[in-house]
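Remarks on the structure that follows.
This is a predicted model, so every value here is computed, not measured.
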Amino acid sequence: MKTTKAVLAMAISVGLTLGAAAEPGKHPGEKVDLKSLPASVQKTVNDKAAGGQVVKVLREDDPDGKWNYEAFVKASGKESLFEVDPNGNFVKQHE
């Protein structure tokens, strides 16, 4: 009987974890490898980086279910941040 309760508790825990992971906007800022992204996204990131070093790229989920890639670029000792949509379109520059 104890084994059945333990298995049931584990199944509920896994179900809740997976349900939360699938909910948009709940896990923002997942780090992604630039080389794994579509060519159009890579091109826009590299063009906007303008010779600077791409420090990291995050997949940023919005609460409404939409998402963009945020690129962090370091150039001339300064860091900048901008967003690119999944189709490779530039969205906005962050201050």
Between Pro86 and Pro38, what is the shortest heavy-atom contact and its length? O-CG, 4.2 Å
Leu81-Val57 co-clustered via ILVMFWY side chain contacts under 4.5 Å: no
Thr44 (side chain) donor-acceptor with Gly88 (main chain) under 3.5 angstrom: yes
Minimal non-hydrogen separation, Val45 against Ala71, with atom names: CG1-CB, 4.0 Å
Straight-line distance of Lys92 NZ to Glu70 CD, nearest 0.5 Å: 8.0 Å
If you apply the rule side-chain contact (heavy atoms from CB on, under 4.5 Å), what do you find for Val73 with Phe82, and how did you get there? CA-CA 8 Å; Val73 177; Phe82 58 87; 3.5 Å; yes
Is the side chain of Glu79 donor-acceptor paired with the backbone N or O of Phe72 at a distance under 3.5 Å, no angle test? no
Leu37 CG to Lys43 NZ distance, which is reported to the nearest 0.5 Å: 15.5 Å
Between Gly52 and Ala75, the two heavy atoms sitting closest are CA-CB, 3.9 Å
Give, for atom CG of Asp61 and atom CD of Glu30, the distance between the pair rounded to the nearest 0.5 Å. 7.5 Å
Let me check something: do Val32 and Val91 share a hydrophobic cluster, defined by ILVMFWY side-chain heavy atoms less than 4.5 Å apart, either directly or through other members? no
Exam field: side chain Ser40 to backbone Asn87, donor-acceptor pair closer than 3.5 Å: yes
I need the minimum non-hydrogen distance between Val55 and Lys74, along with the two atoms involved. CG2-CB, 3.7 Å
For the residue pair Val54 and Asn46, establish whether any side-chain heavy-atom pair is separated by less than 4.5 Å. yes
